[in-house]
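Note sheet for the following structure.
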Amino acid sequence: MNVSDSERISTTLAKRGYEMTEDESSADVVIFNTCSVREKAEQKLYTRVGHIRHSDRPKPVVGVMGCVAQLEGETLFKKIEGVDFVLGTQAVGRVADAISRTLAHDLPVADLGDREANYDWTVADVYRHSPYIAFLPIIEGCNKFCTYCIVPFSRGRERSLLASEIVRQVRELRRGGVREVHLIGQNVNSYKPGDDSGLEGFEGRSPFSRLLRAVAATGIERIKFTTSFPRDFNDDIVEAIETNENLCNWVHLPVQSGSSKVLAAMKRGHTIEKYLAKIDRIKSSPKDIALTTDIIVGFPGETEEDFQQTVNMVDYCGFDSAYIFKYSPRPGTPAFTLADDVSPDEKTRRFLELEAVQKRNQANGLRRYLNKVLKVLVERPASRTEGGLTGHSTCHKLINFVCTSDMIGKIVDVKITEVKSNSLFGEIV
Ligand code: 5AD
Ligand code: SF4
């Protein structure tokens, strides 16, 4: 989500005549696009802005955007000396105005307002992280209020884009040479546009599965989507994947815990049994759908027994990869009022134990790809291998392979010859 936001900040600024630079020390304007889901983002920001303020060169305009900006607002001016403007998560379209006002000394510039009704979601080709892959937000914000999570506060209520607009953008991206789109949102399964335009004629038990079919019908070569929310993830989504070649065989379905008691305290809206039933359905698919997840260890009240249920769940599910996080209390969230009663050392112990179990399972699971041929969209030269190239498979595995000719932007067949912990290595066939 943040990469996508940064791409759109660059696009908006470029339209107003700004040029991006890789070299921070030569920039006239420095913008921090912040995330406060887990890290101590504010502290990091403080250090980075301090660094700029104490350097010898004339001070650039400094802007803070993203979640920290939305949550802190004008208090950031007091907390961090040197910040000139603060722009919330929906104010991306007004970033150039914020710079102009700063330069005109129309201070302080803080804009936490809503997104413009006619906001243009397009990202300029040059600002996409790859010319062949595009992130397309389909829903913003979140209404779920999982008790540990800051997102409903930093990104506000759910707002879905019209399917007709999404389909129009996918068609345009395809014409421009994009081969893979990622439909993104905090919870894509909650997709609920204001009207049916663009979904007419597409069947499905939820607007999201209808959208998947509508996007598939554009003929774009690959479609991936993230993030899914277990309670709203239904069989129909798996059926859409199974019946459309271009809907990729990868599902990211954050479980957060293997204990129904902890899941209830997190207000996730699913029990572990319900989650496992969904996993069984995904795993029974002939399309070999890769499965990834997020897990939090050390949530308030998580006992050793609860944690062992998480370990068993990880063993059962055989995730292709899992992002494991130690619980970190976020001010303003419902869980912040609970005692953070799992000690830092114990959180670390649980993290390491779970990581070891996941690594072992991952290594076993990834062996299923050995000697298989995967379709890889070649993205860039590999950083470590001379003459190597790198890209992702339809199942969203990072694949490295050696190839003499320039294949970047092409979709190639790669036979997997080696399985590493977080990537696969192969040869072009
Ligand atoms: N502490 C730890 N992890 C968190 N996540 C979200 N909020 C917190 C928190 N307060 C994790 C969840 C989510 C992922 C994006 O970040 O696992 O799925
Ligand atoms: Fe946060 Fe829960 Fe919404 Fe995901 S679904 S963004 S974890 S509140």
Side-chain angles (χ1 to χ4, degrees), residues 1-5 34-43 66-68 70-71 89-90 137-160 182-192 208 225-233 251-259 262-270 272 274-275 278 291-302 306-307 310 313-314 317 319 321-344 346-348 350-351 354-355 358:
M1 193 55 89
N2 267 42
V3 175
S4 161
D5 284 342
T34 57
C35 166
S36 56
V37 170
R38 289 174 305 273
E39 317 111 79
K40 296 191 170 64
E42 216 178 282
Q43 189 57 40
C67 292
V68 174
Q70 186 71 41
L71 295 167
T89 47
Q90 294 183 54
I138 62 164
I139 178 168
E140 278 200 280
C142 187
N143 292 354
K144 299 296 175 199
F145 289 93
C146 302
T147 54
Y148 51 80
C149 185
I150 198 70
V151 167
F153 305 94
S154 62
R155 296 207 173 250
R157 297 294 72 73
E158 287 170 358
R159 295 162 305 275
S160 298
H182 289 229
L183 308 178
I184 61 170
Q186 306 296 341
N187 172 3
V188 287
N189 314 134
S190 277
Y191 176 70
K192 224 173 268 108
F208 179 64
F225 58 89
T226 185
T227 294
S228 287
F229 184 70
R231 198 184 67 197
D232 300 341
F233 185 92
V251 170
H252 181 62
L253 199 60
V255 60
Q256 311 299 1
S257 170
S259 152
V262 174
L263 289 171
M266 290 175 164
K267 285 219 165 50
R268 290 288 288 173
H270 64 90
I272 196 59
K274 289 224 168 101
Y275 181 84
K278 292 180 197 233
L291 194 63
T292 58
T293 200
D294 296 345
I295 301 171
I296 298 174
V297 295
F299 186 77
E302 184 190 73
D306 294 318
F307 172 65
T310 300
M313 177 273 300
V314 164
C317 293
F319 297 111
S321 88
Y323 299 96
I324 306 171
F325 305 105
K326 294 185 226 173
Y327 171 68
S328 110
R330 310 312 298 148
T333 60
F336 192 70
T337 55
L338 303 174
D340 186 14
D341 55 0
V342 181
S343 72
E346 183 56 19
K347 280 182 189 159
T348 303
R350 291 180 191 179
F351 175 93
L354 195 61
E355 186 185 54
Q358 171 56 25

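Counting starts at 1 for both ligands and their atoms, following the listed order.
Protein heavy atom in closest approach to atom 1 (Fe) of ligand 2: C149 SG, 2.3 Å. At the top of the distance list for atom 3 (Fe) of ligand 2, counting protein heavy atoms only, stands C142 SG, 2.3 Å. Taking atom 7 (S) of ligand 2 as the reference point, the nearest protein heavy-atom neighbour is Y148 OH, 3.3 Å. Of the protein's non-hydrogen atoms, C146 SG, 2.3 Å is the one closest to atom 2 (Fe) of ligand 2.
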### From CA spacing to verdict: side chain to side chain contact (heavy atoms under 4.5 Å, CB included), L183, I139
CA-CA 9 Å; L183 308 178; I139 178 168; over 6 Å; no
### Query
Can you check side chain to side chain contact (heavy atoms under 4.5 Å, CB included) on R159 and Q90, steps first, answer last?
CA-CA 11 Å; R159 295 162 305 275; Q90 294 183 54; 3.4 Å; yes
### Message
One pair to check against side chain to side chain contact (heavy atoms under 4.5 Å, CB included): V251 and F233. What are the steps and the verdict?
### Response
CA-CA 10 Å; V251 170; F233 185 92; 3.8 Å; yes
### Message
Assess the residue pair I296 and S257 against the criterion (side chain to side chain contact (heavy atoms under 4.5 Å, CB included)); give the C-alpha distance rounded to whole Å, side-chain angles, the decisive distance to 0.1 Å, and a yes or no.
### Response
CA-CA 6 Å; I296 298 174; S257 170; over 6 Å; no
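Residues lining ligand 1 at a heavy-atom distance below 4.0 Å are given as V37, R38, Y148, Q256, D294, I296, F325, K326, Y327, S328, R330, ordered by chain and residue number.
Contacts with ligand 2 closer than 4.0 Å are made by side-chain heavy atoms of V151 only, the backbone lying farther away. Under 4.0 Å from ligand 2, not a single heavy atom of Q256 appears. Of the heavy atoms in F145, only backbone atoms (N, CA, C, O) come closer than 4.0 Å to ligand 2. When heavy-atom distances to ligand 2 are checked against a 4.0 Å cut-off, P254 has no atom that comes that close, whether in backbone or side chain.
Between the side chains of Q256 and Y148, at least one donor N or O lies within less than 3.5 Å of an accepting N or O. The closest side-chain donor-acceptor pair between T292 and H252 falls under 3.5 angstrom.
Annotation for ligand 2: atoms under 4.0 Å from non-hydrogen atoms of F229 are 5 (S). Residue P152 approaches ligand 2 through these ligand atoms, each under 4.0 Å from one of its heavy atoms: 8 (S). Those atoms of ligand 2 that come under 4.0 Å of a heavy atom in K144, given as number and element, are 3 (Fe), 5 (S). Below 4.0 Å from some heavy atom of R268 lie the following atoms of ligand 2, by number and element: 2 (Fe), 7 (S).
The pair K192-D232 fails the salt-bridge criterion, with no side-chain N (NZ, NE, NH1 or NH2) lying under 4.0 Å from an Asp/Glu carboxylate O. At a threshold of 4.0 Å, the pair K347-D340 counts as salt-bridged, since one of the basic side-chain nitrogens sits closer than that to a carboxylate oxygen.
In terms of heavy atoms, T310 sits closest to G258 at OG1-N, 2.9 Å.
Proximity of the aromatic rings of F153 and F145 is defined here by a centroid distance below 6.0 angstrom, and this criterion is met.
Looking at heavy atoms from C-beta onward, R268 lies in side-chain contact with P230 at the 4.5 angstrom threshold.
We find the CD-CD1 distance between E140 and I184 to be 10.0 Å, quoted to the nearest 0.5 Å.
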